[in-house]
Amino acid sequence: MALINFVRDYERVARFRLGRFEGMMGPGIVISIPIIHQTQKVDTRTSVLEIPRQTNITRDNAPIDIDFLVYMRVDINQADKAVLEVEHYTSAVVGLATTTLRAVVGDMSLDEVLSQRERINEIIRTRLDQETGRWGIKVTNVEIREIEPPTDIQTAMTRQMSAERMRRSMVLEADGQKQADITVAEGQKQSEILKAEGAKQAEILQAEGDQQAAVLRASGFADALQRIQDTANGLGGNTMTLQYMDALKEMASGSSTKFVLPMEMTKLMGGIGTMMGAATDRDD
């Protein structure tokens, strides 16, 4: 009596005839005859393997516990290798991942393991994929789930992080104070510049004002002198003679009997005589 197997798209069936491998069957209907045929089904979908937590020793002899996940799938074109080349490929991948992790962590220091998780993931994935390729298995991704250092190392890391946060706080505070001092200094500098510019402009305006005042005063003096000169030019000789006569009258009314007359006065006397002669002629 024949057995009918319904194989899905993501499955393949390895069929053996009297122990001899016939090939990978599916998808669709696969018929097998008991005693004559033996079958083994293979799932080609991506599966997740959880690698148990294990203690690893770093290059600087620090013990550290790590657990991670391995994402893998059977290559649909090489599914026969997962049947013929390895007995239980899932167990084989778990064991290989465990030894690969120990080798990778052993080549790194504790600080590198804690700070380079993505690098460790990629290294493990590459090495696993190279080894599992001969089994027809593709390792698509590796993700470290948790890294737990010993308690004393965790305490030291906590103190280190606290000191680092304090240092950063002090650096930020110092930078802020520095920027504030720079801003204040720049403000004072601009203020002094503005004050100097104001004083300079005030002195310039004061000098220009003094210059204008001096020009105006000189112009006023010049106008006054011109007017005096114009007035003096308009006075006639007779007017000057009369002025001298008034001066002589004041001198005669005094108690002095001797007078010293300047040369100009004799000229004026001649003018007075001429004026008096002219007046007598008019009376006659």
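Here the structure is a predicted model, which means the values were calculated and not measured. Position 1 is the first residue of the sequence, and the numbers go up from there. Any value given below was found using the heavy atoms of this structure, including those in side chains, with hydrogens, waters and symmetry copies removed.
In this structure, a donor-acceptor pair under 3.5 Å is absent between the side chains of Q179 and D175. With no hydrogens or angles considered, a side-chain donor-acceptor pair links D60 and T58 at under 3.5 Å.
Between V7 and M25, every side-chain heavy-atom pair lies at or beyond the 4.5 Å cut-off. Side-chain contact between R17 and I36 is present, with at least one heavy-atom pair separated by less than 4.5 Å. Two residues are said to be in side-chain contact when any heavy atoms from C-beta on lie closer than 4.5 Å; I29 and F6 meet this criterion. Looking at heavy atoms from C-beta onward, R8 lies out of side-chain contact with P27 at the 4.5 angstrom threshold.
We find the CD-CD1 distance between Q206 and I204 to be 12.0 Å, quoted to the nearest 0.5 Å. Rounded to the nearest 0.5 angstrom, Q130 CD and T100 OG1 are separated by 10.0 Å. With rounding to the nearest 0.5 Å, the separation of CG in D43 from CZ in R12 is 10.5 Å. Note that the CD atom of Q188 and the NZ atom of K195 stand 9.5 Å from one another [nearest 0.5 Å]. From E148, atom CD reaches atom OG1 of T55 across 9.5 Å, with rounding to the nearest 0.5 Å. Between I123 atom CD1 and M108 atom CE the span is 6.0 Å, to the nearest 0.5 Å.
Other cluster members for V48: L69, Y71, joined by side-chain heavy-atom distances under 4.5 Å among Ile, Leu, Val, Met, Phe, Trp and Tyr. Under the 4.5 angstrom side-chain criterion for Ile, Leu, Val, Met, Phe, Trp and Tyr, L3 has no cluster partners at all.
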Item to complete: List the steps, then state whether salt bridge (charged side-chain N to carboxylate O under 4.0 Å, His left out) holds for D129 with K138.
Response: CA-CA 6 Å; D129 192 51; K138 179 70 176 177; 3.1 Å; yes
Verify salt bridge (charged side-chain N to carboxylate O under 4.0 Å, His left out) between R119 and E122, making sure each step is shown before the conclusion. CA-CA 5 Å; R119 179 189 169 204; E122 184 59 25; over 6 Å; no
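I76 and M24 are not part of a single hydrophobic cluster, where members link through side-chain heavy atoms under 4.5 Å apart. Using a 4.5 Å cut-off between side-chain heavy atoms of Ile, Leu, Val, Met, Phe, Trp and Tyr, with links allowed through other members, V86 and V42 fall into the same hydrophobic cluster. Clustering ILVMFWY residues whenever any of their side-chain heavy atoms sit less than 4.5 angstrom apart, transitively, puts I66 in the very cluster that holds I124. Placement of Y89 and V142 within a single hydrophobic cluster is found when ILVMFWY residues are connected by side-chain heavy-atom separations under 4.5 Å, directly or transitively. Cluster membership check: V30 does not share its hydrophobic cluster with V74, using side-chain heavy-atom separations under 4.5 Å among Ile, Leu, Val, Met, Phe, Trp and Tyr.
Under the 3.5 Å distance criterion, the side-chain polar atoms of D67 are matched with a main-chain donor or acceptor of E146. Using modelled atom types, one side-chain atom of N121 and one backbone atom of I144 make a donor-acceptor pair closer than 3.5 Å. Not a single donor-acceptor pair under 3.5 Å links the side chain of S169 to the backbone N or O of R165. At least one donor-acceptor pair under 3.5 Å links the side chain of R15 to the backbone N or O of I31. Looking only at distances, no side-chain donor or acceptor of E118 sits under 3.5 Å from a matching main-chain atom of S115. Under the 3.5 Å distance criterion, the side-chain polar atoms of T44 are matched with a main-chain donor or acceptor of Y10.
The environment of CD in E164 is crowded: more than 12 heavy-atom neighbours from other residues, nucleotides or ligands sit within 6.0 Å.
The shortest non-hydrogen separation linking R125 to T140 is CD-O, 3.5 Å.
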